[in-house]
Amino acid sequence: MVEPMLSTTATMINGKKKNKNNTPETFFNKDYNNNDENATVTDSSSSSSDEDDSDEGPLVMHSSDSSSIAGIGPVSTSSPLGSGPTDNTGSTNLQPTHRKGLPRHHRRRLSSMNEFLDPFSNAEIYYGPVVNPKKAPNSNDTATASINSTKNLNRTRTMSVLDRVSDFKRGLNPSASNRNMAEKNHILHRRSSEDDIFVSSQGNRRFFIENVDKTLADLLASEDTDSNYQITIEDTGPKVIKIGTANSFGYQKINVRGTYMLSNLLQELTIAKSFGRHQIYLDEARINENPVNRLSRLISNQFWSNLTRKVTLTTIGAIAKDTKIKTPGAKNPRIFIPYNCEDQYEFFIQASQMDPSLKLEVEYLPREITPEYVKSLNETPGLLATAMQTLLDPSTGEKTLTGYPYAVPGGRFNELYGWDSYLMALGLLETSKVDVAKGMVEHFIFEIDHYGKILNANRSYYLCRSQPPFLTDMALIVFKKIGGDSNVRAIQFLKRAFKAAIKEYKNVWTSNPRLDPETGLSCYHPDGKGIPPETEPSHFDTILTPFAKKYNVTLEEFRKLYNDEKVSEPELDEFFLHDRGVRESGHDTTYRFEGVCAYLATIDLNSLLYKYEKDIAYVIKNYFDDSFKDENDGTTTTSEHWLQLAEIRRNRITKYLWDEEKGFFFDYNVKLKCRTSYESATTFWALWAGLATAEQAQVMVEKSLPKLEVLGGLVACSEGSRGPLSVNRPSRQWDYPYGWAPHQIFAWQGLSDYGYEGIARRIAYRWLYMMTKAFVDYNGIVVEKYDVTRGTDPHRVDAEYGNQGADFKGVATEGFGWVNSSYILGLKYMNSHARRALGACIPPMPFFNRLKEEEKKIYSL
Ligand SMILES: OC[C@H]1O[C@H](O[C@H]2O[C@H](CO)[C@@H](O)[C@H](O)[C@H]2O)[C@H](O)[C@@H](O)[C@@H]1O
Ligand SMILES: [Ca+2]
């Protein structure tokens, strides 16, 4: 631990220790793409590429990172609390390991309390170490920023005035039927008195926390009454704690009140502790920050960093480790390398030899990857190699490799996912994390080249299946951000991505077994054998129990018999065919797809393929001189060809999927040759892709939207379509009453594109309100999905594996990828009035009802 700064210069004021400068010592971390002294990127490792695609400067090296190899350092500036292997130690504990051994001259003390730091600076700046004092922020700039920000600092934001008695506390669990009524009758309470705030400080108020550990312990003991290391509206403590002011150096105490401020205090103390701090100054503004600003700030500055991974010699051990599979063969980390990637094979062998304690196992994949082979790896799973670039160290002349960065869906993951990556790219690009979004496109190109498809995720048990395809749009949005037409390397990048997308389109989505020859439409229909090993262990118990009984064996024994093909059960084969389809659809799981998915030409997939066709036409016309020679099959196509494919698909979608009377695009069962009637929010993907007519869009707005618009935005499907639940028919996470970020994002975009921006804004307000309210009431929580019908605790989801992002101690460090994106994207629809209302957690109906008549129009009310 770094010594507290008081040790050498402490004086006494009012019996309290005071340091000479009155301020906590602060340090700065380096960002991994800020320094480039020694390394040069020479090319991409994608073996199919013969073009120089590098459109960015030399890679970063962490010269201060003594444990890094050839200058390949940590991935990000993540707080020590970040859950993933993003730093050079791979450490996830609260010890500030990166500060150990830091020379004393590298520690910097701020000059005085008046030279104050931006209260909203990143944790690394606010609490963390300086590794290069020259990189400390310009004091004038900091002062200006702080002065500007003080305009908003005076108000204390306890948030407890709104909805202060939760339904949970009242012992109510509102049923679906009375929720709307409750929403309409919502009463706004008067704001509480703020008489115990130290008002004399003129917006520049600070606390001095003399003992971080003790304050943390006191805070938890008094306020975390249900002992889950979070301070939420369900805790029944006094909701007030006394904290010393900075002016009095902790001598005078004032009250910090209310769930929101107390939970922010808990979060800040937890972070400070993780940085090894024993004493801190804490700006009041940091714990009463407008929640909209706080959440956006955390997403942009911290959550993305904590979700970012990069494969290097030092991170591979932690990234390769599998947390889903519990077999003895999954104990050691393992990486599989495509048969023709010799450079990667040597690189990972080097990693395993460098640190034998990692027990990293490195194996080649065969040239031919069959479902039988994939199943044979289920007990000895491994990470699948992704794209790497070659680094040249000019001082040694030696080459090494480093992975492109990528973002993982949530803290529990270390692998690269398919459609999560696209949805995260949308948010990453809004917050200037272009290299991460671009890195994910590079990985997808590599996956198509080496595994034949964009994988569900890069683990061996995902080798046979993909996820909803978004590569063309993803490449286009990254292309624009990296310079577009004015950057020759961006054009090369775009062309490589589209070559890969065309290969994927032909070989994966419009080939056997996914293509239905009769309708010309496509289904989620991956290959594969046996029971998916990565699912939660009890997921298939209901379906397997009768078979175990039939053979008079335990469930475990039956699983083995079935997986080893010692028994033949065609009915189960059929079940798992569809189950794999469900997982390929990304909608795992929903009653919409159970037992039928592989035979459904879904509106989701066919909308995405329509978008591929249109995008491919556009890129062939504009970047391939309107003539694309496909090296894989020898064909040459023009934009006209792809436009025709799109038009044909659009007509087929209307013929087979569109129900004018119901106002939905449904799915079509290619086996039974009939349209289904499951009312899903994916109907709006037809708008996102631009394939619906204006008339169809209007019918959808009139008929399907009212069935799916609820308190917190769009619900995944209507309650009627899901049907009744029971012990034998438990709830599924992609069904009513749950709402998912991808559904919101595509509906907002699609509705806006068709001129329904008011509706997009309205449902976006609902979603953002729900997220903000949960964030305020539940200790900064941001989760994978929400129960969009619940007014009080929408993050509480007990379907299937529960909810990702809810299980943290003290502070949430990464949110959830696509939900983070949805917040950043949704705010773009909000004007300042709506933003203020969100900051005050005004529920949708009171907010909409109080709008003036002309304001209502902007929400299509
Ligand atoms: O382990 C169970 C399943 O987990 C994944 O699915 C869920 O998480 C993914 C990552 O956020 C997301 O893409 C998917 O839509 C979610 O349902 C995984 O994709 C499944 O294959 C896996 O069986
Ligand atoms: Ca608690």
Side-chain angles (χ1 to χ4, degrees), residues 168-169 219-237 239 259 262-263 266-267 307 322-326 378 381 407-424 454-470 524 526 528 531-540 576 579-590 593 597 604 682 716 732-735 738 740-743 777-781 783-785 793 797 799-810 814-821:
F168 185 93
K169 277 192 180 170
L219 179 64
L220 287 168
S222 137
E223 299 292 347
D224 177 25
T225 56
D226 59 7
S227 304
N228 67 349
Y229 293 91
Q230 298 173 12
I231 297 175
T232 74
I233 56 168
E234 290 168 19
D235 289 306
T236 52
K239 300 284 182 195
T259 300
L262 289 167
S263 79
L266 171 63
Q267 293 165 47
L307 289 172
D322 200 302
T323 53
K324 285 186 175 177
I325 311 286
K326 304 290 177 215
N378 282 352
V408 296
R412 77 163 172 155
F413 301 96
N414 280 314
E415 59 276 349
L416 168 89
Y417 272 77
W419 73 318
D420 294 75
S421 296
Y422 169 72
L423 283 141
M424 289 188 283
I454 294 172
L455 300 169
N456 181 153
N458 64 322
R459 298 270 176 201
S460 50
Y461 40 84
Y462 292 133
L463 267 166
C464 290
R465 67 176 187 257
S466 189
Q467 263 195 328
F470 288 94
Y524 290 113
I531 303 172
E534 82 288 354
T535 55
E536 61 283 19
S538 63
H539 187 80
F540 299 114
F576 285 114
D579 182 81
R580 285 188 291 273
V582 174
R583 291 169 202 285
E584 181 164 86
S585 80
H587 289 63
D588 49 288
T589 66
T590 159
F593 288 161
C597 185
D604 330 359
T682 52
R732 299 297 195 210
Q733 60 172 359
W734 282 90
D735 278 337
Y738 307 119
W740 291 76
H743 289 172
D777 288 348
Y778 286 89
N779 207 119
I781 204 166
V783 283
E784 179 190 34
K785 61 207 167 241
D793 51 357
V797 171
E800 305 187 54
Y801 52 72
N803 215 348
Q804 300 302 318
D807 185 21
F808 57 86
K809 287 194 169 30
E814 60 273 308
F816 196 86
W818 57 32
V819 181
N820 298 343
S821 285

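Being a predicted model, the structure only gives us computed values, none of them experimental. All ligand and atom numbering here is 1-based and tracks the order in the structure.
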If you measure from each non-hydrogen atom of Q804 to ligand 1, which part falls under 4.0 Å: side chain, backbone, both or neither? neither
Could you tell me whether H587 approaches ligand 1 through its side chain, its backbone, both or neither, with non-hydrogen atoms closer than 4.0 Å? neither
The Ca ion (ligand 2) to D226: nearest N/O/S atom name: OD1
Please could you name the atoms of ligand 1 that [X] approaches to less than 4.0 Å, counting only its heavy atoms?
{"X": "F816", "result": "11 (O)"}
{"X": "Y417", "result": "9 (C), 10 (C), 18 (C), 19 (O)"}
{"X": "Q733", "result": "17 (O)"}
{"X": "W419", "result": "13 (O), 15 (O)"}
{"X": "W734", "result": "15 (O), 17 (O)"}
{"X": "Y801", "result": "7 (C), 8 (O), 16 (C)"}

[atom]: which protein heavy atom is closest, and how many Å away?
{"atom": "atom 22 (C) of ligand 1", "value": "E534 OE2, 3.5 Å"}
{"atom": "atom 15 (O) of ligand 1", "value": "G586 O, 2.4 Å"}
{"atom": "atom 19 (O) of ligand 1", "value": "N456 ND2, 3.0 Å"}

Quick check: does Y229 have an N/O/S atom under 3.0 Å of the Ca ion (ligand 2)? no
Answer yes when E534 and K324 have at least one side-chain N-carboxylate O distance shorter than 4.0 Å, and no when they do not. no
Any N/O pair [X]/ligand 1 closer than 3.5 Å:
{"X": "D420", "answer": "yes"}
{"X": "R465", "answer": "yes"}
{"X": "P409", "answer": "no"}
{"X": "W740", "answer": "no"}
{"X": "D588", "answer": "yes"}
{"X": "W818", "answer": "no"}

Considering only heavy atoms, which of E415, M424, K324 lies nearest to atom 1 (O) of ligand 1? K324
Test item: Y524 and D604 side chains (from C-beta on) under 4.5 Å apart, heavy atoms: yes
Side-chain heavy atoms of Q733 within contact of N803, under 4.5 Å: no
Looking only at heavy atoms of E800, does any of them come nearer than 4.0 Å to an atom of ligand 1? no
Where do F540 and F576 land on the ring pair (Phe, Tyr, Trp, His ring centres under 6.0 Å) test, with the steps shown first? CA-CA 10 Å; F540 299 114; F576 285 114; 5.0 Å; yes
For the residue pair N456 and R465, what are the closest heavy atoms and their distance? OD1-NE, 2.8 Å
If the Ca ion (ligand 2) is the vertex, what is the angle to OD1 of D224 and O of Q230, rounded to 10 degrees? 90°
Let me know which of W740, Y801, Y738 forms a side chain to side chain donor-acceptor pair (under 3.5 Å) with E784. Y801
When you measure from the side chain of [X] to the backbone N and O of [Y], does any donor-acceptor pair fall under 3.5 Å?
{"X": "R732", "Y": "T589", "answer": "no"}
{"X": "S466", "Y": "I454", "answer": "yes"}
{"X": "T535", "Y": "P532", "answer": "yes"}

I would like to know whether Y461 and D322 meet side chain to side chain donor-acceptor pair (under 3.5 Å); could you show each step before the answer? CA-CA 11 Å; Y461 40 84; D322 200 302; 2.9 Å; yes
What orientation do F470 and Y422 show, parallel under 30°, tilted 30 to 60°, or perpendicular over 60°? parallel
Starting from the C-alpha separation in whole Å, work towards a yes-or-no answer on side chain to side chain donor-acceptor pair (under 3.5 Å) for N779 and S263. CA-CA 5 Å; N779 207 119; S263 79; 4.8 Å; no
Give a yes-or-no answer on whether the side chains of Y462 and E415 include a donor-acceptor pair shorter than 3.5 Å. no
